[in-house]
Number of protein chains: 2
Amino acid sequence: MHEKSSIIGRLGDKGYRLTPQRLMILAAIEGSADHISAEEIYAQVAAKYPHVNISTVYRTLELLKRLGMVFEIDLGEGRIRYHAESSGHHHHLVCQGCNRVVYIDEATLSSLRNILLRDYAFAAELRHVGIFGLCNDCRKKSGGKGNARR
Amino acid sequence: MHEKSSIIGRLGDKGYRLTPQRLMILAAIEGSADHISAEEIYAQVAAKYPHVNISTVYRTLELLKRLGMVFEIDLGEGRIRYHAESSGHHHHLVCQGCNRVVYIDEATLSSLRNILLRDYAFAAELRHVGIFGLCNDCRKKSGGKGNARR
DNA sequence: GTATCTGCAAATCCTTTGCAAGTCA
DNA sequence: TGACTTGCAAAGGATTTGCAGATAC
């Protein structure tokens, strides 16, 4: 049990080829403290391996998503961000006034999840979207204009 | 006080021109039982008035958003949907298994809103995004594949 | 050796923009 | 009349795809 990455191990186990591109893309995702976009993954990989193409990044992300190893999160920027399944979960409060993202821990929303499950039999996957609104600072500033999207 | 549409009245009051395009775009939005996309608005308007251009739809939406008369909602489809401010509010549970959208009333999430406000001083605007997850049926079906997005 | 992957280039989808012509007030 | 609106066409950004050559196993 000492693989560089459990994801890499699992990819290999499932019969997928461990190409240098895939390894580098995985490293970028796993190494990202935050959530990373396809473009950012591409930039990181291309810095060491200029030959890669961004379509390979998208194809690899597609594969990893399909295998449940990487998750998407839509923070309303008009682009999707990705994070490794292994990197732990939290929720995102996205301020539409200043674009700041506040992280809150998973437990905060567990009661909501329970209510939706109980009353609507709906299993909410709250980790993969941002919750939009206004942070404290922006609320004070005359309600904050809120032109954060796209 | 008997305008066809309160939005139209307000647009005129603010000094914006009531062009036929704007009136028809407004009619499409207000007439939509559900949430409508720019493309759908365009199709509806173009049916009666083939001359319109979709850029006019986007520009009108931009204006109405700015004036707070129309709201966006991102249901994670890779496109934004719109609804009239006057059409009442509710929340959206979007099933990633079958793409179904379940509407829930605003009160259901008010406690969440209060918690976020109290603990994070964050004023969440929950009405403008969908909450993703799996509906009852799709949960039963072996967890449902969940390839709903884009 | 060969099925799987990749790079490349072009296409797609949604949305935005510049500009000259049209039109509401 | 004249500022505000529109149509048109072209650009924009994110993502996807077809295909032929490259490569992991």
Side-chain angles (χ1 to χ4, degrees), chain A residues 8-26 28-29 35-67 70 72-82 147-150, chain B residues 8-26 28-29 35-67 70 72-82 147-150:
Chain A
I8 291 176
R10 254 186 295 161
L11 255 194
D13 292 348
K14 299 213 176 201
Y16 294 98
R17 292 191 185 163
L18 302 181
T19 65
Q21 290 90 331
R22 285 181 175 168
L23 300 185
M24 296 179 83
I25 290 168
L26 273 166
I29 300 170
H35 306 79
I36 192 168
S37 68
E39 201 73 43
E40 289 165 354
I41 295 171
Y42 171 66
Q44 261 188 56
V45 175
K48 298 179 184 173
Y49 191 97
H51 207 48
V52 274
N53 191 277
I54 196 159
S55 65
T56 300
V57 173
Y58 280 108
R59 280 190 278 229
T60 301
L61 286 170
E62 168 63 29
L63 172 66
L64 297 174
K65 271 190 297 183
R66 186 152 33 84
L67 298 176
V70 154
E72 307 184 313
I73 170 154
D74 183 346
L75 260 25
E77 308 160 290
R79 122 198 34 195
I80 298 176
R81 296 187 166 274
Y82 301 87
N147 51 346
R149 327 193 74 239
R150 283 161 226 263
Chain B
I8 292 176
R10 253 187 296 162
L11 257 193
D13 291 349
K14 298 211 178 202
Y16 294 97
R17 292 191 187 162
L18 302 182
T19 65
Q21 290 92 331
R22 286 182 176 165
L23 299 186
M24 296 180 83
I25 291 167
L26 273 167
I29 301 170
H35 306 78
I36 192 168
S37 69
E39 203 74 40
E40 290 165 352
I41 295 170
Y42 172 64
Q44 261 187 57
V45 175
K48 299 180 185 173
Y49 190 97
H51 207 49
V52 273
N53 192 276
I54 195 162
S55 66
T56 299
V57 173
Y58 279 109
R59 279 189 279 229
T60 300
L61 287 171
E62 168 63 30
L63 171 65
L64 297 174
K65 274 190 295 185
R66 188 151 33 83
L67 298 177
V70 154
E72 307 185 313
I73 169 152
D74 184 346
L75 261 24
E77 310 159 287
R79 121 199 34 197
I80 298 176
R81 294 186 167 274
Y82 301 87
N147 50 345
R149 329 192 70 241
R150 277 159 233 266

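Order of the sequence lines fixes the chain letters, A, B, ..., with proteins taken first and strands second; residue numbering starts at 1 for each chain.
- Taking atom CG of L23(B) as the reference point, atom C1' of dA25(C) lies 14 Å away to the nearest angstrom.
- We find that CZ of R81(A) is positioned 15 Å from C1' of dT15(D), with the value rounded to whole Å.
- No hydrogens or angles were tested; on distance alone, a donor-acceptor pair under 3.5 Å links the side chain of R17(B) to the base of dC4(D).
- Checking the phosphate oxygens (OP1, OP2) of dT23(C), no side-chain nitrogen or oxygen of Q21(B) falls inside 4.0 Å.
- As a whole-Å value, the separation of K14(A) NZ from dC25(D) P is 17 Å.
- Note on L18(A): only backbone sugar-phosphate atoms sit closer than 4.0 angstrom, heavy atoms only; bases stay farther off.
- Comment: R59(B) does not engage E62(B) in a salt bridge, judged by the lack of any side-chain N to carboxylate O separation of less than 4.0 angstrom.
- Between Y16(B) and L67(B) the shortest heavy-atom distance is CE1-CD1, 3.8 Å.
- Distances shorter than 4.0 Å separate none of the side-chain N or O atoms of S55(A) from OP1 or OP2 on dT16(D).
- Rounded to whole angstrom, the span from the CG atom of N53(B) across to the C1' atom of dT16(C) amounts to 12 Å.
- For dT16(D), the base has no donor-acceptor partner in the side chain of R59(A) [N/O atoms by modelled type, under 3.5 angstrom].
- Whole-Å rounding puts the R66(A) CZ to dT16(D) P distance at 12 Å.
- In terms of phosphate contacts, T19(B) brings a side-chain nitrogen or oxygen within less than 4.0 Å of OP1 or OP2 of dT6(D).
- What you find for A38(B) and L61(B) is that their closest heavy atoms are CB-CD1, 4.0 Å.
- Comparing P20(B) and E39(B), the nucleotide of DNA chain C nearest to each residue sits closer to the 5' end for E39(B).
- In this structure, the NE2 atom of H51(A) is 11 Å from the C1' atom of dG21(D), given to the nearest Å.
- Straight-line distance from the CZ atom of R22(A) to the C1' atom of dT6(C): 9 Å, rounded to whole Å.
- In this structure, the CD1 atom of I54(B) is 9 Å from the P atom of dC14(C), given to the nearest Å.
- Within the structure, every side-chain polar atom (N or O) of Y58(B) is placed at least 4.0 Å from both OP1 and OP2 of dT16(C).
- When all heavy atoms are compared, the tightest approach of S37(B) to R81(B) is N-NH1, 3.6 Å.
- Using a 4.0 Å heavy-atom cutoff across all strands shown, E62(A) reaches no nucleic acid atom at all.
- Relative to the side chain of R79(A), the nucleotides dT15(D), dT6(D), dC14(C) differ in distance, and dT15(D) lies closest.
- Heavy atoms of S37(A) sit nowhere under 4.0 angstrom from any nucleic acid atom.
- Nearest approach of V57(A) to I41(A), heavy atoms of both residues: CG1-CG2, 3.9 Å.
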